[in-house]
Amino acid sequence: MNETKATPFRIVCYKFKQRKTALVAGLFIMLLVLVAVFAPGIAPYDPYLTNYGLSMLPPSAEHWAGTDLYGRDILSRIIYGARISLTVGLTSVLVGALAGVTLGLISGFFGGFLDGLIMRTSDVLFAFPGILLAIAIVAILGPGLINVVVAVSVFSMPTFARIVRGSTLALKESLYVRAARSIGASRNRIMFVHIMPGTLSGVIVYFTMRIGTSIITAASLSFLGLGAQPPTPEWGAMLAESRDYIGVADHMTIFPGIAIFLTVLFFNLFGDGLRAALDPKLK
Amino acid sequence: MLKYFFKRCVAIVPVLVVVSILACGFVRLLPGDPARMMAGQDADTATIEMLRAQLGLDRSLPVQYFTYMGNVLRGDLGKSLKTKRPVFQEISLRYFPTMVLAVAGMTWSVLFGVFFGAVAAIYNGKWQDYAAMLISVSGISMPQFWLGLLAIQLFAVYLGWFPVAGFTGKWSELALPSFTLGATVAAVMARFTLSAFLDVLSEEYISTARAKGVPERRVMWKHAFRNALIPVVTMAGLQFGFLLGGSVVVETVFAWPGLGRFMIEAVAVRDYPVLQALLLLYSFHFVFINLLVDMVYAMINPEIRFE
């Protein structure tokens, strides 16, 4: 590699490309996003179209993943389900990250009372195991996808806040931040222009790792009947409908599960690759 | 040492207080009139008023909190709105099945997790390493409820080795649910064991042992493995809370008569006294387990105590 071109960004890209699994995972995620965006064009059938004459048919040339209890095409429902799972996974982590990063910056930068308040609040949130917190929030707000997004965001927030607080504390005393302060940069400018970008590598890694967890949690809540309600083609909700037909119509259990599993797996592999590329301690 | 323990114990008090306030104030967070919500759509005014008085909702917030906590300390958690029986009684019926499930799940996950992690570390960079880590990342990506459904499909419906669901006290009924519950934690433990093991292997005393001619097998098991286990034990403790959370999903899949399924039922019928009590119970367990882990860790690792 030409030495003058070895910018930090290029080094990260280079390291990332060396991890073949992460690269494949990235391609799969892009494909999945395309499938979700163009679902109406790709799905062979209407995901809501019922036909009792075609109830619980096994996979065939017409219905690649078979049909469900109401004769709806499972493949089409999985394709539309990608929209829901990706949207829920991404928005909930994004909301959690935005709130968490802001709180972490404030906590680390100002210290004192605000720091104590924010960190003790996150201790309290940590005192509930993640999914229980989500269930409690849904119990207050009522079942539904939007409430699931709120619930999952709330329990991603404290970890983001902690990661950012840690790096803010370190960066606050660094030479370039002191230099910025000495030339009279405003507090907001120092926080958002000088410190925040330095905390982002940790945030990005946790962000990608978190998407998988959020998709699983959201699907679990839907499976438990607290998230997406029928007839929404959500993967977890589809698995809940399949429960009573184990041994009768196994394809109903297998295909939506594969969709969740592969999606989460590739987000995790992608996150692993990013971590390897962004973490200077790992080779 | 004692001073450290004391400090840690004092530090959790505010957390416990806030958690209990949240659990108690939980009913107040409901949109609208909680008494009306609980009584149901077609309740008359008298019933609602009675419920309001019974739940103490007509009194001020601090009074409500102290009355509730006072009752909790005396073992009175109120009555379930659905079954009309004391919540304490309902919970004690279901406590044992959940704990059995969690402990069994934890046992699986430590055994498998440490095994796969150690294999990956010893064969670092070889195919065994990649295979173990592929299994591990798959385990993390597998939704527990799907794994449970697949396990029922294969081992209960087709092979008939284990019962499909339920728990009446037989060991065979414990196999599939505990395995499902432990799978995710096992995957996390495997990754953690791998990195703990690799950290230890780069220590100087390992090089010393190798240099003085200690056989490789002995270096691995006597010198490396034992020291790698310290952080692994800590991690196992911290994962126990996660396991309790996961039990909600697994209990639903396997119709397990435990607290987790009870919680989902309570959410469905808006049985708020039950939900309050369960939230309190789960979070107190979680906080105390973390405290216990901290203490065990401090006993093993003296550096922590003098922080």
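Per chain, numbering begins at 1; letters A, B, ... match sequence-line order.
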If you count heavy-atom pairs under 4.5 Å with chain B, which of A/Ile131, A/Leu269, A/Leu132, A/Thr217 comes out on top?
-> A/Leu132

Bottom line for A/Leu262: the part with an atom under 4.5 Å from chain B's heavy atoms is neither

Test: A/Asp272 and A/Arg275 ion pair at under 4.0 Å | yes

At a heavy-atom separation under 4.5 Å, does A/Phe261 approach chain B through its side chain, its backbone, both, or neither?
-> both

So what's closer than 4.5 Å to chain A heavy atoms on B/Leu149: side chain, backbone, both or neither?
-> both

Check ion pair A/Arg120-A/Asp115 (N to O, under 4.0 angstrom) = no

Please name the pair of heavy atoms, one in B/Ala102 and one in B/Leu244, separated by the smallest distance, quoted to 0.1 Å.
-> CB-CD2, 4.3 Å

For chain B, which of A/Ile215, A/Thr121, A/Leu133, A/Val264 has the most heavy-atom pairs under 4.5 Å?
-> A/Val264

Might you confirm whether atom CZ of B/Phe179 has over 12 heavy atoms from other residues, nucleotides or ligands at distances under 6.0 Å?
-> no

May I ask you to name which of B/Val157, B/Leu278, B/Ile12, B/Thr252 has the most heavy-atom pairs under 4.5 Å with chain A?
-> B/Thr252

Can you check whether anything in residues 145-155 of chain A gets within less than 4.5 Å of chain B, heavy-atom wise, and list it by number?
-> none

Aromatic centroids of B/His285 and B/Tyr95 separated by under 6.0 Å = yes

When every non-hydrogen atom of B/Ala120 is compared with those of B/Asp129, the smallest separation belongs to CB-OD1, 3.4 Å

Are the charged groups of A/Glu241 and A/Arg72 less than 4.0 angstrom apart, N to O?
-> yes

In terms of heavy-atom proximity below 4.5 Å to chain A, should B/Arg191 be classed as side chain, backbone, both, or neither?
-> side chain

Of B/Pro143, B/Ala268, B/Pro14, the largest count of non-hydrogen pairs under 4.5 angstrom with chain A goes to B/Pro143

With only heavy atoms counted, which part of A/Ile254 is less than 4.5 Å from chain B, the side chain, the backbone, both or neither?
-> both

So what's closer than 4.5 Å to chain A heavy atoms on B/Leu279: side chain, backbone, both or neither?
-> both

Residues B/Ser20 and B/Tyr68: side-chain donor-acceptor under 3.5 angstrom | no

Polar side chain donor-acceptor pair, B/Thr98 to B/Glu251, under 3.5 angstrom = yes

Contact leader toward chain B among A/Leu226, A/Thr213, A/Ile135, A/Leu239, where contacts are heavy-atom pairs under 4.5 Å = A/Leu239

Determine the interplanar angle of the B/Trp161 and B/Phe155 rings, folded into 0 to 90°, and report it as parallel if under 30°, tilted if 30 to 60°, perpendicular if over 60°.
-> tilted

Going through the distances and angles, do B/Phe145 and A/Ile260 end up as a side-chain contact (heavy atoms from CB on, under 4.5 Å)?
-> CA-CA 11 Å; B/Phe145 55 94; A/Ile260 304 177; 4.0 Å; yes

